[in-house]
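Data block below; observations after.
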Amino acid sequence: MTDPSTQPGRAAPTTREERLAAKLRENLRRRKAQARALETGESSPALPKPDPSR
């Protein structure tokens, strides 16, 4: 019997640690992009500021 992970054309099943590491890298990239957007002022505020004259 052959191991399915050694067959050509098949990706080896990822371990839990590998999946978590990939998710952490993805999250870090997203957070860095958000921080860069905030520094450059590209993002708009989620809620408008209340009018102080009221």
Query - Matching residue for T14 among E18, E17, R16 - test: side-chain contact (heavy atoms from CB on, under 4.5 Å) - result: E18

Query raised in the report: What residue among R30, R29, R36, Q34 forms side-chain contact (heavy atoms from CB on, under 4.5 Å) with K32?
Result: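 Single side-chain contact (heavy atoms from CB on, under 4.5 Å) partner of K32 among R30, R29, R36, Q34: R36.
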
**Report entry** Sub-4.5 Å side-chain heavy-atom contact between L20 and K23
**Finding:** no

